[in-house]
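This report concerns only the one structure given below.
None of the values given here were measured: they were computed from a predicted structure.
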Amino acid sequence: MTLLKTLAVCLVLANVCYFLWARGIAKTPQSVVAAPTSGTLKLASESPEASRSEAIGSTVSGSTAIGSTAGTPATGAGSAPAAAAPEDAGRAGGNSGLLTNVKRCISVGPFRDVSEAAHAASTLRGGGYDPRQRVADGEVWAGVWVYLPLPAARPVAEQTLAKLKAGGIDDALEMPGPNEGAVISLGLYGDAKRAQVRVAQAQALGFNPGIADRKRNGNVYWIDIDLKPTDGLLNPSDLQGESGRIVRLEVKGCPSAGGRS
């Protein structure tokens with residue numbers, strides 16, 4: 001009987017222990033252990049105090065960086081002009097000296113006679129220049145020469161001359177040509193239109209005339225001009241006369257003082 005009572009008490013105690021374990025008493029150690037585990041996995045920067053401290057530190061360092069950045073250009077801007085100013089001034093002074101010391105003298109010509117040179121000088125004065133005329137020995141363009149090659153056979157040459165004069169070219173004559181051979185000259189023209197008329201007239205008679213520039217030696221006329229630094233070069237075509245007469249002009253540097261006439 002005593003053994004049965006003891007066994008009954010043990011069963012009751014076992015049921016009570018199982019009940020208490022099933023209701024959560026056995027889970028308390030796990031919750032106690034879980035709490036420290038979750039705390040150890042949390043980063044220090046995730047805490048509110050650390051975030052607030054980091055924000056304050058970033059603000060302070062950002063303000064320092066802004067201050068230093070703003071100060072750096074100010075220092076550079078203040079020092080760069082001071083260093084560049086003498087160099088710029090020297091460069092400007094050098095350019096100014098070059099502009100003020102430039103002297104250019106050009107010669108326009110050659111003109112065949114005084115009237116052509118005087119007309120050109122008048123045109124230049126109207127443009128604000130101060131031309132100076134001078135005379136020199138040289139070769140000048142005399143005009144456009146229209147001519148025919150002289151036939152080698154004398155009878156043929158005489159027939160050609162007779163045909164030209166009968167066709168209205170009365171001034172045709174035999175003379176030395178531009179090369180070594182003789183030619184039949186049909187005229188020398190300072191007007192290009194008149195030269196073309198003579199060419200067409202000879203072609204109508206069945207001939208094929210040649211043309212060449214004719215030059216002569218003698219006194220020629222040049223115009224010297226001192227250009228300002230801002231003046232551009234002259235265009236020789238602006239000095240042509242209004243009569244349509246051809247003037248072969250060129251622009252070159254003035255001769256030396258010792259070579260002037």
Side-chain angles (χ1 to χ4, degrees), residues 106-127 131-225 234-252 255 259-261:
I106 61 172
S107 294
V108 184
F111 297 94
R112 289 176 288 188
D113 52 49
V114 177
S115 61
E116 290 179 353
H119 179 272
S122 177
T123 302
L124 291 170
R125 288 191 187 93
R132 303 182 302 274
Q133 296 185 34
R134 61 182 173 86
V135 183
D137 294 330
E139 192 177 60
V140 66
W141 183 84
V144 177
W145 188 19
V146 184
Y147 63 92
L148 285 174
L150 183 68
R154 191 61 197 173
V156 178
E158 292 178 356
Q159 291 176 3
T160 301
L161 284 169
K163 185 176 181 179
L164 289 169
K165 293 187 180 192
I169 305 179
D170 299 330
D171 55 350
L173 74 157
E174 182 180 345
M175 63 182 301
N179 300 318
E180 295 181 358
V183 298
I184 298 175
S185 176
L186 303 182
L188 182 65
Y189 303 94
D191 187 344
K193 293 182 179 179
R194 292 178 58 201
Q196 290 300 324
V197 170
R198 179 50 57 91
V199 169
Q201 189 178 2
Q203 289 174 344
L205 296 174
F207 300 106
N208 186 23
I211 58 175
D213 286 337
R214 186 79 170 180
K215 297 182 178 181
R216 65 171 176 81
N217 293 323
N219 290 337
V220 294
Y221 301 87
W222 290 86
I223 297 178
D224 296 338
I225 307 167
L234 296 177
N235 185 358
S237 62
D238 296 337
L239 304 179
Q240 297 284 355
E242 299 178 356
S243 62
R245 188 179 182 183
I246 301 174
V247 181
R248 297 280 198 271
L249 300 178
E250 59 180 299
V251 177
K252 62 182 183 179
R260 291 185 180 181
S261 300

Counting C-beta onward and ignoring hydrogens, is there a side-chain heavy-atom pair between L161 and E158 closer than 4.5 Å?
no

For A120 against I223, the heavy-atom pair lying closest together
CB-CD1, 3.7 Å

Heavy-atom donor-acceptor pair, T160 side chain to V156 backbone, under 3.5 Å:
yes

Minimal non-hydrogen separation, A172 against I184, with atom names:
CB-CG2, 4.1 Å

Determine the minimum heavy-atom distance between R134 and S107, stating which atoms define it.
NH2-OG, 3.2 Å

Search all heavy atoms of F111 against all heavy atoms of V108 and return the closest pair with its distance.
CE1-O, 3.5 Å

Interatomic spacing from CD in Q159 to CG in L164 - rounded to 0.5 Å:
12.0 Å

N219: side-chain hydrogen bond (donor to acceptor under 3.5 Å, both in side chains) partners, not counting sequence neighbours
none

So ring pair (Phe, Tyr, Trp, His ring centres under 6.0 Å) across residues 142-171, not counting sequence neighbours, yields W145-Y147

From I225 atom CD1 to R125 atom CZ, the distance as rounded to the nearest 0.5 Å:
10.0 Å

Which atoms form the tightest heavy-atom contact between P209 and L186, and what is the distance?
CB-CD1, 4.0 Å

Only counting residues at least two apart or in another chain, list the ones meeting salt bridge (Lys or Arg N to Asp or Glu O under 4.0 Å) with R198.
D171

Ignoring hydrogens, what is the shortest heavy-atom contact between Q201 and G167? Give both atom names and the distance.
NE2-O, 3.5 Å

Among L148, L150, V183, exactly one meets side-chain contact (heavy atoms from CB on, under 4.5 Å) together with E174. Which residue is that?
L150

